[in-house]
Amino acid sequence: MDRLFPFLDLGKVNEPYIEALSEAAVRVVKSGRYIGGEEVESFERELGNYLGAPYIIGVSNGLDALRLTLRAWVVTGRLTVGDEVIVPANTYVASVLAISDAGLVPVLADPDEMSMNITAEGIKRHLSAKTRAVMPVHLYGRVAWDRDIRDVVEDNGLLVLEDCAQAIGARSVWQGLHGGVMAGALGHAGALSFYPTKNTGALGDAGAVVTHDAELAATVRALANYGADRRYHNIYQGFNCRLDPLQAAMLRVKLPFTDRENADRFEKALAYWRTIDRKDVIKPLMSAAVTDCVWHQYVIRVTDGRRDEFQKKLAELGVETDIHYAVPPHMQPCYRDKPHLPLPVTERIAGELLSLPIARGTTVDDVVEISRIINSIEL
């Protein structure tokens with residue numbers, strides 16, 4: 001083994017920002033304000049300016065961003081317990097957990113096999129008298145939005161909650177419901193995660209809700225703060241899901257560089273696309289619209305039931321990989337007994353997925369060498 005190619009090194013990811021991050025941490029400590037305050041308010045304003053959305057609510061993590069939004073729609077009467085929410089079946093389990101948490105029914109839809117995102121046809125296939133919302137998941141950083149999806153949600157009066165946990169900075173070719181193109185601001189609400197591994201990551205858990213709806217924003221903010229709209233006045237049975245000002249300060253350092261980080265990932269994705277050459281490896285789509293995918297993960301598919309063997313060979317040759325996600329939500333113990341239609345695409349690709357190194361710390365030259373290793377493996 002000549003070299004090691006780590007899948008992700010968060011120390012290297014944050015290395016360019018270390019001085020500014022340290023200064024931000026000291027600033028928070030010296031401020032004496034450790035819950036809410038100027039750091040959180042400034043981050044919300046800066047994120048809103050970046051996404052082109054008037055309301056941002058910083059929250060504790062991406063799952064809470066999803067579940068607070070759905071709970072807010074329930075307590076304001078936009079949704080009713082028992083309503084159905086269509087969600088892609090190949091998403092991370094958090095998307096489905098948030099739906100269940102609000103007393104709603106997740107309806108799992110097979111994705112398009114090549115984009116691995118939900119489609120308008122997939123949504124229409126699962127529409128029923130109980131369907132009230134859809135949750136497009138911009139999986140691996142690729143925007144799950146087009147004219148057909150916009151038409152089907154508008155024609156059927158569906159609420160749209162985008163799961164943008166992996167897609168900060170992605171831009172749609174098609175305008176959203178409010179005229180913008182940024183992922184997170186395309187639908188009625190968007191949920192972002194700033195988990196440390198994300199393209200723009202905090203140094204701990206953090207998330208945000210994005211919306212153009214003033215009532216939704218106020219309700220989410222109250223629910224995240226014990227259900228209070230002002231001190232000692234609890235109008236909802238809420239939670240403690242506030243964004244920590246220390247994490248807000250870290251994110252204020254990194255947010256201005258989101259497009260730069262995404263462009264760096266695009267260059268590596270393009271290098272993989274150009275240099276991997278195997279009949280048993282399906283590469284992800286490369287679109288002419290450069291920013292419609294921000295490449296949170298670069299996920300190939302290894303066919304013929306050889307994924308695990310392929311991953312083992314790569315490890316032996318120094319290439320670390322990961323699987324996003326090996327077990328779909330409907331096959332997890334907590335959902336295994338829930339009814340759902342057949343999901344052949346989801347179940348097939350779950351056994352083929354393999355994520356390659358793409359984050360900062362992996363160079364384009366590394367990508368070329370990893371591709372050479374991939375091309376040389378004999379199974």
Side-chain angles (χ1 to χ4, degrees), residues 28-29 31-48 51 53-85 93-106 132-133 135 159-165 184-185 187-195 202 204-252 334:
V28 173
V29 172
S31 75
R33 184 68 184 269
Y34 307 137
I35 300 292
E38 182 180 349
E39 293 291 348
V40 174
E41 293 168 2
S42 295
F43 172 66
E44 291 176 344
R45 182 173 60 254
E46 291 157 10
L47 180 60
L51 296 178
Y55 302 106
I56 305 288
I57 307 94
V59 298
S60 41
N61 55 64
L63 171 57
D64 285 342
L66 290 169
R67 70 190 191 102
L68 286 166
T69 302
L70 293 170
R71 283 290 185 109
W73 279 334
V74 170
V75 301
T76 57
R78 300 290 301 278
L79 294 175
T80 301
V81 170
D83 284 346
E84 293 179 352
V85 181
V93 71
S95 311
V96 186
L97 291 173
I99 297 169
S100 301
D101 179 76
L104 306 168
V105 179
R132 294 291 181 271
M135 184 186 291
L159 290 170
V160 179
L161 171 55
E162 302 170 69
D163 184 338
C164 300
H188 296 97
L192 274 67
S193 170
F194 300 104
Y195 188 73
D205 272 321
V209 174
V210 184
T211 187
H212 286 75
D213 184 335
E215 181 187 27
L216 175 64
T219 308
V220 168
R221 194 174 294 282
L223 283 170
N225 187 34
Y226 299 96
D229 60 346
R230 60 183 186 272
R231 195 177 187 203
Y232 300 138
H233 191 256
N234 303 80
I235 55 176
Y236 307 116
Q237 296 177 26
F239 314 94
N240 178 3
C241 299
R242 299 170 299 208
L243 175 61
D244 190 288
L246 184 62
Q247 299 305 335
M250 302 296 103
L251 290 167
R252 291 185 68 198
C334 59

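Heavy-atom basis, side chains included; hydrogens, waters and symmetry copies ignored.
The distance from atom CG of Leu251 to atom OG of Ser42, rounded to the nearest 0.5 Å, is 12.5 Å. Between atom CD of residue Glu215 and atom OH of residue Tyr55 there is a gap of 11.0 Å, rounded to the nearest 0.5 Å. Here CG of Asn240 is found 12.5 Å from CG of Leu223. Values are rounded to the nearest 0.5 Å. The CZ atom of Arg45 lies 7.0 Å from the CZ atom of Arg252; values are rounded to the nearest 0.5 Å. Here the CG-OG1 distance, from Leu68 to Thr219, works out to 11.0 Å after rounding to the nearest 0.5 Å. With rounding to the nearest 0.5 angstrom, the CH2 atom of Trp73 is 10.0 Å from the CG atom of Leu104.
Considering all non-hydrogen atoms of both residues, Glu162 and Ala185 come closest at OE2-N, 3.4 Å. Closest approach of Val210 to Ala53, counting heavy atoms only: CG1-CB, 3.4 Å. Smallest separation of non-hydrogen atoms from Ala94 and Leu66: O-CD1, 4.1 Å. Annotation for Val28 and Ala249: closest pair CG2-CB, 3.5 Å, computed over non-hydrogen atoms. In this structure, Ala206 and Leu243 approach most closely via the heavy-atom pair CB-CD1, 3.6 Å. Considering every non-hydrogen atom in both Thr211 and Pro54, the closest pair reads O-CD, 3.6 Å.
Residue pairs that meet the salt bridge (charged side-chain N to carboxylate O under 4.0 Å, His left out) test with at least one member in residues 56-72, sequence neighbours left out, are Asp64-Arg67, Arg67-Asp101, Arg71-Asp101.
Counting only distance, with no hydrogens or angles, the side chain of Tyr34 and the backbone of Pro245 share no donor-acceptor pair below 3.5 Å.
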Identify each donor-acceptor pair in which a side-chain atom of residues 188-195 lies under 3.5 Å from a protein atom, sequence neighbours left out, and give them as a table.
{"unit_1": "His188", "atom_1": "ND1", "unit_2": "Val160", "atom_2": "N", "d": "2.9"}
{"unit_1": "Ser193", "atom_1": "OG", "unit_2": "Tyr195", "atom_2": "N", "d": "3.2"}

For this session: Please step through salt bridge (charged side-chain N to carboxylate O under 4.0 Å, His left out) for the pair Glu38 and Arg33, ending with a clear verdict.
Result: CA-CA 8 Å; Glu38 182 180 349; Arg33 184 68 184 269; over 6 Å; no
Problem set entry | Worked verdict on Thr76 versus Leu216 for side chain to side chain contact (heavy atoms under 4.5 Å, CB included) | CA-CA 8 Å; Thr76 57; Leu216 175 64; over 6 Å; no
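Checked against Asp205 for a side-chain contact (heavy atoms from CB on, under 4.5 Å), the options Asp244, Asn61, Val59 give a single hit: Asn61.
Ion pair Arg221/Glu44 flagged as a salt bridge, since at least one NZ, NE, NH1 or NH2 atom sits closer than 4.0 Å to an Asp/Glu carboxylate oxygen.
At a threshold of 4.5 Å between non-hydrogen side-chain atoms, the residues Val40 and Arg242 do not count as touching.
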